[in-house]
Each structure stands twice: as structure tokens, then as C-alpha cells.
Amino acid sequence: MAMKVKIIEAEDRCVVVPYGKIDTSTSEDFKAAMYEAMGYSNCIELDLSEALYISSSGLRVIIDVAKKLDEGGSFKITHVNSEIMEVFDMTGIDDIVTVEPEELQGGSNIKALFFDVDGTLLSHKQGIIPQSAIDAIHAAQARGVKAIIATGRDIVELDKLPIHDVDFDAYLTLNGNICLDSDRKMFDGNPIDPGEVEVLVSIFKAGRIPFVLIGQDKRYINYVDDVVINTQLQTHGTIPEVGEYHGETIYQCLAFVDASVRQRLEHMLDHCTITSWNDTGIDIIAKTGGKDAGIQKFLDREGITRSHIMAFGDGENDRPMLEYAAIGVAMGNGVEKLKAIADYITTSVDDDGIANALRHFEIID
């Protein structure tokens, strides 16, 4: 898939804006865009406001461009997020190119809010969305701010949860791999590589571990045991029906396993990434997917940039979207690894965490 890159010609410079991940699969597109920009001007600004991260392939392009513009030109990199700044610091990129970190935006700039469900919107203690969160989201929407769900669950499971007191503007389900509008109609998706699906289906059919395959409209498990039952009880999840694979497109898999089995799966699967949502529950999705990728699809559709979004989460699979958003908010009840990278830590879901954060950033009164 080609990388989206904007090239903007200004009076005194040419601005290049790459979207998403700058890695091995996109570096050639990135390089082509940078070379095209140098054909227009010898003063280049690389705007990374829409970039998620950069790998060594992208760094080589930056070093190459810096060398070419060393005499008779200028090159600066702007709106660099904290993760990419760490890479630049480690590799000394900021010694050869002027680098300007992104600034944390105030609430008045926020146009869209993205919410994880379990432990963020939905209190497992109360079994509902706290009324303070419902009122706060309604108040934000009344000011024109969109509210979007970003969850590892599918729409079938979401419909069984008590979350219907808010009319959300979109639903990014299966960790952003199926994107639904406010009417629950799919506007984009990111299935798992068909070759990898063959391996996943083999795991499903072997029946050594409880394993779930999830398509656009259906999810099914190979068998149910006490681990499945206990895990789903802890997270207010429903147990899929036992079923068979019939060749449909797969967008996500679940496995009910311990840490050692998760590690083996991570080593085995080349084109998938794994995140945990419980001590015995994991999501398996395409490496090109994730909540951050789903958010970008929504932003492209709505014409919003990531500098105008806020994301709320509490778990491991929320990290990509908190790092991607201009403001990433970790719930007080969230895991410590998420709090460590958050821009702001609010109170717990049971202590008005969403409302308190939205007031803190003056999105609501």
C-alpha cells in the first residue's frame, strides 16, 4: 500500500507531510516525496505531525536529504512527537538537522475524542458508563467535538454492553481494523494477510488452545474451557459460539492463553502483532493495524489532523492511540506502562476520570 504524503509549496520553502508509519514498507514512497520536494525548493520542512514513528529506513532518507541540502539549502523537521524525538536523540539526527518537537495542544483545538471501552468508558465495578462520563461526552458533542469508540471488541459484543446512552460518531472496532460510521456501516477495514490467516486457521483447527476467528459479521471459537469462561466473566465479555472456518476474511483473532504461549505466538507470526487485554486474553491483528491506524482512517475521512485529537485508555492495546493523539490520557485505573507514556493521567473510571480530564483541558465547563 502506497504511503500518503502531502507536498505543500510555500513561498519560502516546500513542506512534506508524511502520514502514518515511516518504515521499510513505506520508505521508498517517503524518499520519492522528499526528492520531489527538493525539485521545487532547496528549503525543505519535514512536518511529522501526522507521522506515527520512524524506523532506520526512514532515518536513512533523512540523512541523505540532509547531506544533499548541506550546502546552499536548508532542512528542518517540525512537529516531532515524543517517540520520534527519542529516536532522533538516540541517533543524533537532532545534531545534523534542526528539530522542533510538537507542542501539547490546548483543549480549544480538540475536534475529536477517542475512547477505549473496557476500564475507560465502562466501569467493571459498576457495569455501566458512569453518568459523569455520559454528561461530559454529551457536553463535548454539543460544542461540536466528535466522540468515537476505539475498542478491541467487535460490534456484536458492543451492542450487548450498556453503552447506548451516548450516540457515538463512529466505532473503530477490533482494534481499529473495522471502521464503522455512526450508522454502523463499514467505511474502511484492515484484514489480516491471507497467508498469515492460513497459519491462524491451522491453530484454530488444531484445537490446542482456545482460539477465536473474527470476520466482519461473525466471530466463533474452536472450543470453550474454564479459562475462556473466567476471562470473559472478568471483562463482561460474551463467549462466541463454537464454529468452523469457511474461508471468510479475518480481521482479528483472540486467544485465551498465558504469557508463555503468547510469547510463542509472537515469535511464530511474522505479519501480526499481539496485545493483551487480560492476563489470559490476547488480541492478534495485522501489523499494519491497530487503534492508531483506525484513527488515521477516520481522520482522513473527516479531514481532521492528529494534532486536534485526544485519546483515552487504560490498557496495553491503548498505547498506540495515546502516543498517536495530540493528547493521550491514561485512566487512573490504567496499567503503569500506559501511564508512563501518557500526556496526562486522570482519575479512575469510577472517580469521574473522563469528566475530570475534559474539564482539565477546558473542553467542557
Side-chain angles (χ1 to χ4, degrees), residues 1-4 20-21 23-26 52-53 55 116 149-158 170-180 186-223 228 231 237 240-257 261-278 280-298 300 315-321 324:
M1 181 182 294
M3 181 185 203
K4 178 181 178 182
K21 303 170 183 178
D23 56 18
T24 303
S25 63
T26 60
L52 178 57
Y53 70 78
S55 73
D116 170 55
I149 279 181
T151 178
R153 293 183 185 263
D154 59 34
I155 196 66
V156 174
E157 274 210 310
L158 278 180
Y171 302 82
L172 310 179
T173 65
L174 300 182
N175 289 301
N177 290 302
I178 289 186
C179 305
L180 308 170
M186 185 172 173
F187 65 83
D188 214 327
N190 186 49
I192 296 175
D193 175 80
E196 197 85 309
V197 168
E198 290 185 15
V199 176
L200 296 169
V201 170
S202 295
I203 296 171
F204 177 86
K205 290 181 177 179
R208 305 293 193 272
I209 58 175
F211 205 80
V212 180
L213 300 177
I214 306 178
Q216 182 176 343
D217 303 310
K218 184 180 180 182
R219 64 191 185 111
Y220 42 91
I221 193 167
N222 53 357
Y223 72 92
V228 176
T231 303
E241 293 183 4
V242 175
E244 296 181 2
Y245 178 65
H246 296 292
E248 56 267 46
T249 299
I250 300 299
Y251 288 88
Q252 179 169 297
C253 298
L254 309 181
F256 297 87
V257 296
V261 177
R262 169 189 167 154
Q263 189 175 49
R264 288 202 297 272
L265 288 169
E266 285 179 323
H267 290 162
M268 181 194 309
L269 300 171
D270 293 326
H271 301 290
C272 286
T273 188
I274 295 176
T275 57
S276 296
W277 45 270
N278 185 272
T280 50
I282 62 172
D283 293 330
I284 303 171
I285 63 172
K287 278 190 174 178
T288 53
K291 291 186 178 183
D292 53 317
I295 288 173
Q296 185 60 62
K297 293 177 188 300
F298 176 83
D300 288 343
E316 177 188 336
N317 65 344
D318 298 319
R319 177 170 181 155
M321 73 169 179
Y324 191 68

Notebook entry, point to check: Going through the checks in order, is the side-chain contact (heavy atoms from CB on, under 4.5 Å) test met by Asn175 and Gln252?
Noted result: CA-CA 8 Å; Asn175 289 301; Gln252 179 169 297; 3.1 Å; yes

Next item on the list: For side-chain contact (heavy atoms from CB on, under 4.5 Å), just list the numbers for Val199 and Leu269, CA-CA rounded to whole Å, side-chain angles, deciding distance to a tenth of an Å, and then say yes or no.
Entry: CA-CA 8 Å; Val199 176; Leu269 300 171; 4.1 Å; yes

Next item on the list: Would you check, one step at a time, whether the test side-chain contact (heavy atoms from CB on, under 4.5 Å) holds for Phe211 with Val257?
Entry: CA-CA 9 Å; Phe211 205 80; Val257 296; over 6 Å; no

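The two residues Arg219 and Pro240 have their closest heavy-atom pair at NH1-CG, 3.2 Å. In this structure, Ala150 and Met321 approach most closely via the heavy-atom pair CB-SD, 3.8 Å. Across all non-hydrogen atoms, the minimal contact from Leu174 to Ile178 is CD1-CD1, 3.7 Å. Between Val228 and Pro210, the shortest heavy-atom contact is CG2-CB, 3.4 Å. Shortest non-hydrogen contact noted between Met268 and Ile203 is SD-CD1, 4.0 Å. Listed here is the closest heavy atom pair of Leu200 and Cys272: CD1-SG, 4.3 Å.
With Arg319 contributing its side chain and Asn317 its backbone, the two residues share no donor-acceptor pair below 3.5 Å. Listed for the Asp318 side chain is a donor-acceptor partner under 3.5 Å among the backbone atoms of Gly315. The main-chain N or O of Ile209 is found under 3.5 Å from a side-chain atom of Asn222 such that the two form a donor-acceptor pair. The backbone N or O of Thr151 sits nowhere less than 3.5 Å from a side-chain atom of Asp116 that would complete a donor-acceptor pair. For the pair Glu196 (side chain) and Asp270 (backbone), a donor-acceptor distance under 3.5 Å is present.
To the nearest 0.5 angstrom, Asn177 atom CG is 12.5 Å from Gln216 atom CD. Between atom CD1 of residue Ile295 and atom CG of residue Asp292 there is a gap of 7.0 Å, rounded to the nearest 0.5 Å. Once rounded to the nearest 0.5 Å, the distance linking CD of Glu248 with NZ of Lys218 reads 6.5 Å. To the nearest 0.5 Å, atoms NZ (Lys297) and SG (Cys179) are separated by 6.5 Å. With values rounded to the nearest 0.5 angstrom, Asn278 atom CG is found 11.5 Å from Leu254 atom CG. One distance of note links OG of Ser25 with CE of Met3; it measures 8.5 Å at 0.5 Å rounding.
Ionic pairing of Asp300 and Lys4 is present here: one or more N-O contacts between side-chain nitrogen and carboxylate oxygen are shorter than 4.0 angstrom.
Here the side chains of Ile250 and Ile214 are not in contact, with every heavy-atom distance at 4.5 Å or above. At a threshold of 4.5 Å between non-hydrogen side-chain atoms, the residues Thr173 and Tyr251 do not count as touching. With contacts defined as side-chain heavy-atom distances shorter than 4.5 Å, the pair Ile192/His271 does not qualify. For the pair Ile282/Leu265, a side-chain contact is recorded, criterion being any heavy-atom separation below 4.5 Å from C-beta on. Counting heavy atoms from C-beta outward, Val212 and Phe256 have side chains that approach closer than 4.5 Å. Tyr171 is listed as a side-chain neighbour of Leu158, based on a closest heavy-atom distance under 4.5 Å. Taking 4.5 Å as the limit, every side-chain heavy atom of Asp193 sits out of range of all side-chain heavy atoms of Lys287.
In this structure, the side chain to side chain contact (heavy atoms under 4.5 Å, CB included) partners of Glu266, at least two apart in sequence or on a different chain, are Arg262, Ile274.
Remark: aromatic rings of Tyr220 and Phe204 are close, center separation under 6.0 Å.
One side chain, Thr231 or Thr280, offers a donor N or O that lies under 3.5 Å from an acceptor on the other.
For the side chain to side chain contact (heavy atoms under 4.5 Å, CB included) criterion with Thr273, the lone passing option out of Ile285, Thr288, Ile284, Asp283 is Ile285.
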